[in-house]
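Everything on this sheet refers to the single structure shown next.
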There are 2 protein chains.
Amino acid sequence: MAIKERKEREKQDMRNLIIESATQLFLKHGYDKTSIRNIADDIEYSPATIYLYFKDKDEIFYVIHENAFELLNKELRKNEAIENAFDRLGGIGRTYMKFALENPDYYDLMFIMRAPLSQIKSEQKWEAGECAFGYVTETIGACLEQKLIKPADKFLLAMSVWSFVHGLVSLYVRERMCVFPLSDDLLRDMLYSSLENYLSILKT
Amino acid sequence: MAIKERKEREKQDMRNLIIESATQLFLKHGYDKTSIRNIADDIEYSPATIYLYFKDKDEIFYVIHENAFELLNKELRKNEAIENAFDRLGGIGRTYMKFALENPDYYDLMFIMRAPLSQIKSEQKWEAGECAFGYVTETIGACLEQKLIKPADKFLLAMSVWSFVHGLVSLYVRERMCVFPLSDDLLRDMLYSSLENYLSILKT
DNA sequence: TGTTTTTACTAAACACTGTTTAGTATATTT
DNA sequence: AAATATACTAAACAGTGTTTAGTAAAAACA
């Protein structure tokens, strides 16, 4: 029965088609303005068809959110090449910040919006998040073992580092940094400088 | 012509009535589930009436956002009593965090959601934000003058401290701290511990 | 006072949204 | 060839923010 396999393939193709259209519309117009009807129009199917492939709108954006994490994780792991654990931690921080500033809509979906996580609520785990966060924790563990940073609980430090960078980029992404009377370019520089300053005071 | 004054009073009363109802509904059910029709039902007027007193939904939530800032600022200024500038900074940080954890919906509106700031876009300034942030900057300035913290640019430090605490509470409020397999109580404790740890490494 | 104007309000509509239901062709299996 | 299963959609449901046109009551004017 090769027919069943073909049907399975076709089902996956249709899912991909929907995700591709949704991703493109999302990156162009944002979450709120990407409606099921817009996606349906774009792929030239009726809105109801989309519900044969996805439970609801949030499930679509959960998949996009997972793709975005794959992208971020790929970027983060590039720092694996850095020998010194502290330099690696710095690299990870800068990569994370760069990702957020270059892909603000993805970042929003991954770490700010409630939508994609409605998929997880009670039951599943937030694997994508745990994976990215785990890498930070590991690296901090290495820094602690080699006494490259001031001693503290590994998880507390991981939470701190993550929160620090997230704080900077999320205030920027959601336009709260306007309290600084600075040009956008100078502001971005200052975000990076803040990170450097934080790393320097973490150092032993 | 005392009539004009009465009319003015009545107009303000109606605005207050709408804000009170909206605030109550917002704190009970959240932003998305607080619709103009819900508010109208609650105050026993037609939905169209609300538009005679507010330009749009965002203007209503901008006022609520301002009230929330008044509340936060009042709390923050209580730290004025603390003599030592560094202790005062710590107090401000803890007060900010406490406010966010006790009023997550207000915090969301003030520092995460896009809605209330749509009111500001091009033209006005975000006065409420600048006021709260200014107080942090001032205190950090005092810390620097008295050499209580490691030297760095005043604004860079203010941005850092704010971002650090915002990072912690916003990841918590938007449920990204679930990467930690901890109970809610332990998690909250860890947020405060993170802040203490950060303050300790800022110290000279 | 009576007439005109202004004010306060609303019913209904517009243009959307996510989602569900019922029904129809087409493809597959028996 | 007949029966069944699959893929799809038109239309509806229940909601959203917002606007328009029209109506009573209040205020101003004569």
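Excluded from the calculations below are hydrogen atoms, water molecules and symmetry mates; all remaining heavy atoms, backbone and side chain alike, are included. A, B, ... follow the sequence lines: proteins, then strands. Residue 1 opens every chain.
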Open item on the list: Does C:dT10 have OP1 or OP2 under 4.0 Å away from a side-chain N or O of B:Y45?
Closed with: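 B:Y45 to C:dT10 OP1/OP2: no side-chain N or O under 4.0 Å.
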Open item on the list: Looking at A:T49, I'd like to know whether one of its side-chain N or O atoms comes within less than 4.0 Å of OP1 or OP2 on D:dC8.
Closed with: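 No, A:T49 has no side-chain N/O under 4.0 Å of OP1/OP2 on D:dC8.
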TODO: In sequence, state the C-alpha distance, the side-chain angles, and the governing distance for B:V179 and A:W162, and then conclude on side-chain contact (heavy atoms from CB on, under 4.5 Å).
DONE: CA-CA 12 Å; B:V179 294; A:W162 180 30; 3.8 Å; yes
Open item on the list: Treating primed atoms plus P, OP1 and OP2 as sugar-phosphate and everything else as base, which nucleotides of nucleotides 12-26 of chain D get B, S or - for protein heavy atoms under 4.0 Å?
Closed with: B---BBBBB------
Value in whole Å for how far the [atom2] atom of [N] lies from [atom1] of [X]:
{"X": "A:Y62", "N": "C:dG18", "atom1": "OH", "atom2": "P", "result": "21 Å"}
{"X": "A:E59", "N": "C:dG18", "atom1": "CD", "atom2": "P", "result": "15 Å"}
{"X": "A:H29", "N": "C:dC16", "atom1": "NE2", "atom2": "P", "result": "14 Å"}
{"X": "A:I50", "N": "D:dC8", "atom1": "CD1", "atom2": "P", "result": "12 Å"}
{"X": "A:E44", "N": "D:dT9", "atom1": "CD", "atom2": "C1'", "result": "15 Å"}

Carboxylate-amine/guanidinium proximity below 4.0 Å for [X] and [Y]:
{"X": "A:R114", "Y": "B:D108", "answer": "yes"}
{"X": "A:D87", "Y": "A:R94", "answer": "no"}
{"X": "A:K98", "Y": "A:E102", "answer": "yes"}

Open item on the list: Take a 6.0 Å sphere around CD of B:E10 and say whether it holds more than 12 heavy atoms from other residues, nucleotides or ligands.
Closed with: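 Result for CD/B:E10: enclosed.
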Task: Residues from residues 10-25 of chain A lying under 4.0 Å of DNA chain C - heavy atoms - done: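 Those residues whose heavy atoms fall under 4.0 Å from DNA chain C, taken from residues 10-25 of chain A, amount to none.
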TODO: Pick base, sugar-phosphate or nothing for B:F54, based on heavy-atom distances below 4.0 Å to the nucleic acid.
DONE: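 Since no nucleic acid heavy atom lies under 4.0 Å of B:F54, the category is nothing.
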Residues 18-25 of chain A, side-chain donor-acceptor partners within the protein, below 3.5 Å, at least two apart:
residue	atom	partner	partner atom	Å
A:S21	OG	A:D42	OD2	2.7
A:T23	OG1	A:I19	O	2.6

Open item on the list: Could you measure the distance from the CZ atom of A:F155 to the CZ atom of A:F133? Nearest 0.5 Å is fine.
Closed with: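 The distance works out to 7.5 Å.
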Open item on the list: Using the ring centroid of each side chain, check whether A:H65 and A:F61 are separated by less than 6.0 Å.
Closed with: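 No, the ring of A:H65 stays outside the 6.0 Å limit from the ring of A:F61, centre to centre.
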Open item on the list: Angle between the two end axes of the helix from C:dG2-D:dC29 to C:dT30-D:dA1, five base pairs per end, rounded to 10 degrees?
Closed with: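 One end axis against the other gives 20°.
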TODO: List the steps, then state whether side chain to side chain donor-acceptor pair (under 3.5 Å) holds for B:S35 with B:N38.
DONE: CA-CA 5 Å; B:S35 70; B:N38 290 157; 3.1 Å; yes
- [ ] Please identify each residue that fulfils salt bridge (charged side-chain N to carboxylate O under 4.0 Å, His left out) with B:R188, with sequence neighbours left out.
- [x]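 B:R188 satisfies salt bridge (charged side-chain N to carboxylate O under 4.0 Å, His left out) with B:D184 once adjacent residues are dropped.
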Open item on the list: Can you list everything that forms a salt bridge (charged side-chain N to carboxylate O under 4.0 Å, His left out) with B:E75? Sequence neighbours excluded, please.
Closed with: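 Testing B:E75 for salt bridge (charged side-chain N to carboxylate O under 4.0 Å, His left out), a comparison that skips the adjacent residues, returns B:K78.
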